[in-house]
Amino acid sequence: SQTIHQWPATLVQPVGSPLSLECTVEGTSNPNLYWYRQAAGRGLQLLFYSVGIGQISSEVPQNLSASRPQDRQFILSSKKLLLSDSGFYLCAWSGGLAGPDTQYFGPGTRLTVL
Amino acid sequence: DQQVKQNSPSLSVQEGRISILNCDYTNSMFDYFLWYKKYPAEGPTFLISISSIKDKNEDGRFTVFLNKSAKHLSLHIVPSQPGDSAVYFCAAYYGGSQGNLIFGKGTKLSVKP
């Protein structure tokens, strides 16, 4: 069966520090991978998605970036965190099928920027 | 512009009664809809989905209804249980979105014993 992992589970970082969040998927090949953010009192905002290694699409302009160095690894990064980057970050995967494609989420990372 | 709207931020229901969560959408190109359940500090869990060629899909206590002409879908939970207390997200998909889901802002359901 497929599983998705995220780490760390929680993170407290000062403003201006770098960020690296990691997501890995097991039990599937060539998944589509997604990064979402849930800010306090708001819904799920898609940040990045990837349909293959090295292929990243950005949905919203921001100081975050994403990379996919391996088929089942997705990394969210920032060179300098802002206070507004605080939130709950979720990684998700889908089978990459043509047509409707259910996404499955990881456990999330709670990021607090102070 | 919010394409998927969940206009009720919260809903409170008595245990054993029906919970009805609503979702409206604006894009007529959406052809697949999903409901997710989310507990605090956890990732959303997929609950149930429906294709636009159907108007109803049932899975145990959960039923999703789709009214395409009204661009409206709803999730019914019968009977509601305290463990159902969570935030429920409606999501929509269309082929042109390259597999991306568009999420509503969620409705917090509280089921009281």
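This structure is a prediction, so every number in the text was calculated from the model and none was measured. A note on names: the letters A, B, ... follow the listed sequences, proteins ahead of strands, and every chain is numbered from 1.
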Inset, instruction - Test B/Asp55 against B/Lys68 for salt bridge (Lys or Arg N to Asp or Glu O under 4.0 Å), laying out the working first. - result: CA-CA 8 Å; B/Asp55 55 18; B/Lys68 285 176 60 181; over 6 Å; no
Legend entry - Verdict with reasoning, B/Tyr88 to B/Ile77, per side chain to side chain contact (heavy atoms under 4.5 Å, CB included): CA-CA 11 Å; B/Tyr88 289 79; B/Ile77 306 174; 3.9 Å; yes
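Between B/Phe103 and A/Phe105, the ring-plane angle classifies as perpendicular under the 30° and 60° cut-offs.
Within the 4.5 angstrom heavy-atom criterion, no atom of B/Lys108 approaches chain A. Only the side chain of A/Gln38 comes within contact range of chain B, with at least one heavy atom under 4.5 Å from a heavy atom of that chain.
Using a cutoff of 4.0 Å between basic side-chain nitrogens and carboxylate oxygens, B/Asp84 and B/Arg61 are scored as salt-bridged.
In terms of heavy-atom pairs under 4.5 angstrom with chain B, the leader among A/Leu90, A/Leu44, A/Thr109 is A/Leu44. Between chain A and the residues B/Pro9, B/Ser51, B/Ala91, B/Ala41, the largest count of heavy-atom pairs under 4.5 Å involves B/Ala41.
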